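Notes to accompany the following structure.
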Amino acid sequence: MSKLTIQGQPLPNMPWEERPAGERNVMWRCSANPIIPRDLLPTSNSIFNSAVVPFGNGYAGVFRCDDTNRRMVLHVGFSADGLKWNINEQPLRFECDNDEIGKWVYGYDPRVCFIDDRYYVTWCNGYYGPTIGVAWTRDFKTFHQLENAFLPYNRNGVLFPKKINGNFAMLSRPSDTGHTPFGDIFYSESPDMEFWGRHRHVMSPAAFEESAWQCMKIGAGPVPIETSEGWLLFYHGVLRSCNGYVYSFGSALLDLEQPWKPIYRSGPYLISPQKQYELTGDVPNVCFPCAELHDPATGRVAVYYGCADTVTGLAFGYIPEIIEWTRKTSII
Ligand code: BMA
């Protein structure tokens, strides 16, 4: 793997901790977990499933902050080190030329992706059911909302950080109105961030006998990372147990030019609910990744994930090791 190259801006000061002595797994949790408590805001019931990016001399993010009315709202936040966050008390409101599309209903599970000259936000946007909202910002102050990418019902809309075949590209997960008991990842392209087409199937849930943690539904997590071996994708998978759904996450490598073609896909999970803050909360047994930060030179990666729909955690790893592990354990 020594010849592996990783794209992205240098991030030598990213949040990072070395693998603890005796840690046998390919990824390990931050010792400060959960890094964001549920009640960071006076009005927050929970802060989880959130997106962060490098911004200025530090980091910015869009956070899912369910309030104490239990409404699903988005808030903007800033951090110097990626660990301690200042989150605006006022919810994020998008500017939109079209009143019907811009009418706020609810928003959750945001992702943020830098493409060309701006940051795009995709999120699960309430419009007669959940669908994929799209907006952009340059300063994390003013956000311009565009058309919804798809018809309802859809979730987990995740952009690629550059155009593919000359088009913007997005992964998504068509679903239904509620806690969908099914779900495959699909790929779509757009010439203008408004009209989406060329839909392609990427991955279905795995066979129960082969990889049970991802046998009911799957959904893309953070923005995929471009490497010389392919796009590294972290994605969540769901197991239906006698006590309800269990959300873990694993990794896949997608073809560089045809990202709807998976090359490897991990049989084991990378992180599954095992710590107290992942096992208990408003929704027990959930590890739900929505963002990553990485440093190409060192191969370091930090994955931000929601824990039990209540708080936010961070897990570390090395991209070359994760790719090698994905290859070795692949069920493809
Ligand atoms: C999914 C989404 C996520 C949530 C998960 C577990 O359907 O709604 O926001 O983390 O369920 O409750």
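In each ligand, atom 1 is the first atom listed, and ligand 1 is the first ligand listed. The model shown is predicted, which means the values in this text are computed figures rather than measured ones.
- Considering backbone and side-chain atoms together, Tyr108 places no N or O closer than 3.5 Å to any N or O of ligand 1.
- Here the protein heavy atom with the shortest distance to atom 6 (C) of ligand 1 is Asp309 OD2, 3.4 Å.
- Contacts of Thr180 with ligand 1, taken as heavy-atom pairs under 4.0 Å, are absent altogether.
- Val246 and Tyr305 are not part of a single hydrophobic cluster, where members link through side-chain heavy atoms under 4.5 Å apart.
- Of the protein's heavy atoms, Tyr247 OH, 3.0 Å lies nearest to atom 11 (O) of ligand 1.
- The two residues Leu41 and Ile47 make their nearest non-hydrogen contact at N-CD1, 4.4 Å.
- In summary, the atoms of ligand 1 found under 4.0 Å from a heavy atom of Arg155, numbered by their order in the structure, are 7 (O), 8 (O).
- The shortest side-chain heavy-atom distance between Val76 and Phe78 falls under the 4.5 Å cut-off.
- Among protein heavy atoms, atom 7 (O) of ligand 1 sits closest to His179 ND1, 3.2 Å.
- Side-chain contact check for Ile263 versus Ile332: every heavy-atom pair is 4.5 Å or farther apart.
- Hydrophobic clustering places Phe94 together with Val112 (ILVMFWY residues linked when any side-chain heavy atoms are closer than 4.5 Å, directly or through intermediates).
- Considering only non-hydrogen protein atoms, atom 3 (C) of ligand 1 sits nearest to Asp109 OD2, 3.2 Å.
- Neither the backbone nor the side chain of Tyr245 has a heavy atom within less than 4.0 Å of ligand 1.
- Taking the charged nitrogens against the carboxylate oxygens, Glu292 and Arg111 have no contact shorter than 4.0 Å, which rules out a salt bridge.
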